[in-house]
2 protein chains.
Amino acid sequence: MATTRQGPYFCGIDAAMDVVSGKWKVLILWELHHHGTRRFAELRRGLPGVSEKMLVQHLRELEEDGLVHRKVYAEVPPKVEYRLTEHGVALNTALEPLGTWGTERMRRIGATKVPVAPAPVSRQPS
Amino acid sequence: MATTRQGPYFCGIDAAMDVVSGKWKVLILWELHHHGTRRFAELRRGLPGVSEKMLVQHLRELEEDGLVHRKVYAEVPPKVEYRLTEHGVALNTALEPLGTWGTERMRRIGATKVPVAPAPVSRQPS
DNA sequence: CAGTATCCATTAAGATACTG
DNA sequence: CAGTATCTTAATGGATACTG
C-alpha cells in the first residue's frame with residue numbers, strides 16, 4: 001500500500017519523482033493548482049478515466065507526503081475539500097519547466113490530447 | 001514492451017512524465033548529463049542496483065524517444081557509447097527545479113541517500 | 001563488452017459493488 | 001457525497017543463464 005516513502009534516494013530528482021509517481025498524481029496537483037480548492041467529485045470529473053479507488057489512494061498519499069490538505073466539513077451530505085499545501089504549490093512551480101518541455105515534445109511528435117469529456121448536453125439539472 | 005508512447009496526454013507534464021517514468025530513467029539522464037558520454041558498463045556501475053535488463057530496456061526507450069544517442073563502434077570487444085541528445089539536455093534542464101525541490105524535501109523529511117557502492121580497495125587493475 | 005532470452009515476483013491499476 | 005472492500009488484470013521490475 002505504498003507505505004510512507006522516505007528514501008533512500010539517489011538524488012533530489014529521485015526523491016521528487018517518488019512523490020509524483022502514480023498515474024494521476026501530477027494531474028491532481030495541476031487540477032488543484034488551477035482551481036485552488038476542489039471537492040472529491042469535482043476532481044473526479046476533472047480527471048476523466050480515474051477510478052474512485054485510484055483517486056482516493058493518490059489523494060491519501062499526496063496528503064501523507066504533505067502536498068495536499070484535506071478539509072472535512074461536518075455536514076450531511078459529506079463535504080470534503082482538497083487544496084495544495086505550501087509544499088504542494090512549490091512542487092507545482094518546480095514542475096512548470098517540465099510541463100513546458102512536455103508541451104514542446106507533444107508538438108514535436110504530434111501527440112494528441114486526451115479527449116475531453118464533453119459536457120452532457122441534455123439532462124441538465126433543473 | 002512499452003510500444004512507442006505518443007499519448008494521448010492530458011497536458012505537457014503528463015507527456016514529460018511519460019518519457020521519464022521508469023525506475024532508473026532520470027538517473028540515467030543525470031548520469032549522462034554529468035559525464036557527457038558513458039559506456040554501458042560505466043552506466044551500470046554508476047547505477048548501483050540496476051539490472052542489465054532494465055538498463056538496456058530504459059536506454060532503448062530513451063533512445064526511441066529521442067533523448068539519448070547510441071553510438072556503436074565496430075570493434076572487438078564491442079564498444080557502445082551513450083550521450084544525451086539536444087532534447088535530452090533540454091529535458092535535464094527542465095528537471096533541475098524538480099531536483100532542487102526534491103533535495104529540499106529530502107532535508108525536510110530526513111531522507112537518507114542511497115548507500116554509494118564503495119570502490120573496491122583491493123584488486124586494482126595493473 | 002554489451003547485450004538476449006526466460007522465468008518469476010512485485011506493484012500498480014482497473015472494475016464493480018457496497019456503505020456511513 | 002465521499003468514500004471502502006474485493007477481486008482481477010496489466011505493467012513493471014528483478015534474477016539468472018547464455019551469446020556474438
Side-chain angles (χ1 to χ4, degrees), chain A residues 1-5 9-10 14 17-28 31-32 35 37-65 68-83 114 117 125, chain B residues 1-5 10 14 17-28 31-32 37-65 68-83 114 117 125:
Chain A
M1 187 182 279
T3 50
T4 28
R5 292 142 292 136
Y9 299 116
F10 283 88
D14 193 17
M17 290 300 299
D18 189 14
V19 305
V20 295
S21 67
K23 190 167 177 180
W24 307 90
K25 284 196 181 172
V26 296
L27 301 175
I28 292 173
E31 192 77 4
L32 292 177
H35 292 280
T37 186
R38 293 260 95 178
R39 298 181 59 174
F40 186 80
E42 291 174 329
L43 282 172
R44 201 150 118 77
R45 278 191 292 274
L47 272 30
V50 73
S51 69
E52 294 185 336
K53 176 194 155 189
M54 289 315 298
L55 183 53
V56 172
Q57 193 176 113
H58 283 166
L59 283 169
R60 291 289 181 281
E61 290 177 12
L62 290 170
E63 190 189 356
E64 188 178 346
D65 287 334
V68 162
H69 178 77
R70 178 169 175 267
K71 182 170 185 181
V72 183
Y73 292 83
E75 300 180 1
V76 174
K79 176 176 171 181
V80 176
E81 279 182 353
Y82 294 92
R83 62 173 177 80
V114 78
Chain B
M1 186 184 275
T3 49
T4 28
R5 293 142 292 134
F10 283 88
D14 192 18
M17 289 300 297
D18 188 14
V19 306
V20 295
S21 68
K23 191 167 176 179
W24 306 91
K25 282 196 182 173
V26 296
L27 300 175
I28 292 173
E31 193 77 11
L32 291 178
T37 187
R38 293 261 95 176
R39 298 183 59 176
F40 186 82
E42 290 174 330
L43 283 171
R44 201 151 117 76
R45 279 192 292 274
L47 273 30
V50 72
S51 68
E52 293 185 339
K53 175 193 155 188
M54 290 314 299
L55 183 53
V56 171
Q57 194 175 113
H58 283 167
L59 283 169
R60 291 290 182 280
E61 290 178 12
L62 291 171
E63 190 190 355
E64 188 178 345
D65 286 334
V68 161
H69 177 77
R70 178 169 176 266
K71 182 171 185 180
V72 183
Y73 292 83
E75 300 179 2
V76 175
K79 176 177 172 181
V80 176
E81 279 182 354
Y82 294 91
R83 62 173 176 78
V114 77

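Per chain, numbering begins at 1; letters A, B, ... match sequence-line order.
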Roughly how far, to the nearest 0.5 Å, is [atom2] of [Y] from [atom1] of [X]?
X	Y	atom1	atom2	value
L55(A)	L27(A)	CG	CG	11.0 Å
H58(B)	K53(B)	NE2	NZ	9.5 Å
L62(B)	R70(B)	CG	CZ	13.0 Å
K79(A)	K71(A)	NZ	NZ	8.5 Å

Does the side chain of [Y] come within less than 4.5 Å of [X]'s, by heavy atoms?
X	Y	value
K23(A)	M54(A)	no
R60(B)	E64(B)	no
L59(A)	L43(A)	yes

Over 60° means perpendicular and under 30° means parallel, so tell me whether F40(A) and Y82(A) are parallel, tilted or perpendicular. tilted

Is DNA chain D part of any stem, that is, at least 3 consecutive Watson-Crick or G-U pairs with both distances under 3.5 Å, and where? C:1-20 with D:1-20

With respect to the phosphate group of [N], does any side-chain polar atom (N or O) of [X] fall under 4.0 Å of OP1 or OP2?
X	N	value
H58(A)	dA13(C)	yes
R60(B)	dT4(C)	yes
R39(A)	dC1(D)	no
R45(B)	dA2(C)	no

Check the distance between [N]'s [atom2] and [X]'s [atom1] and give it to me in whole angstrom.
X	N	atom1	atom2	result
E81(A)	dA2(D)	CD	P	9 Å
M54(B)	dT11(C)	CE	C1'	13 Å
M17(A)	dG13(D)	CE	C1'	16 Å
L55(A)	dA15(C)	CG	P	14 Å
K79(A)	dA2(D)	NZ	C1'	13 Å
E52(A)	dC7(D)	CD	C1'	16 Å
K71(A)	dA2(D)	NZ	P	14 Å
E75(B)	dC1(C)	CD	C1'	11 Å

If you check every side-chain atom of R70(B), which of dG3(C), dG13(D), dA2(D) has the closest atom? dG3(C)

Would you mind telling me which of dA2(D), dG14(C), dG13(D) lies closest to the side-chain atoms of K23(A)? dG14(C)

Residue whose closest nucleotide on DNA chain C lies nearer the 5' end, G49(A) versus P78(A): G49(A)

Regarding R44(A), tell me which of base, sugar-phosphate or nothing describes its non-hydrogen contacts under 4.0 Å with the strands shown. nothing

Give Y82(B) one of three labels, base, sugar-phosphate or nothing, depending on what nucleic acid heavy atoms sit under 4.0 Å from its own. sugar-phosphate

Could you tell me whether the side chain of K53(A) has a donor or acceptor atom within less than 3.5 Å of a complementary atom in the base of dA13(C)? yes

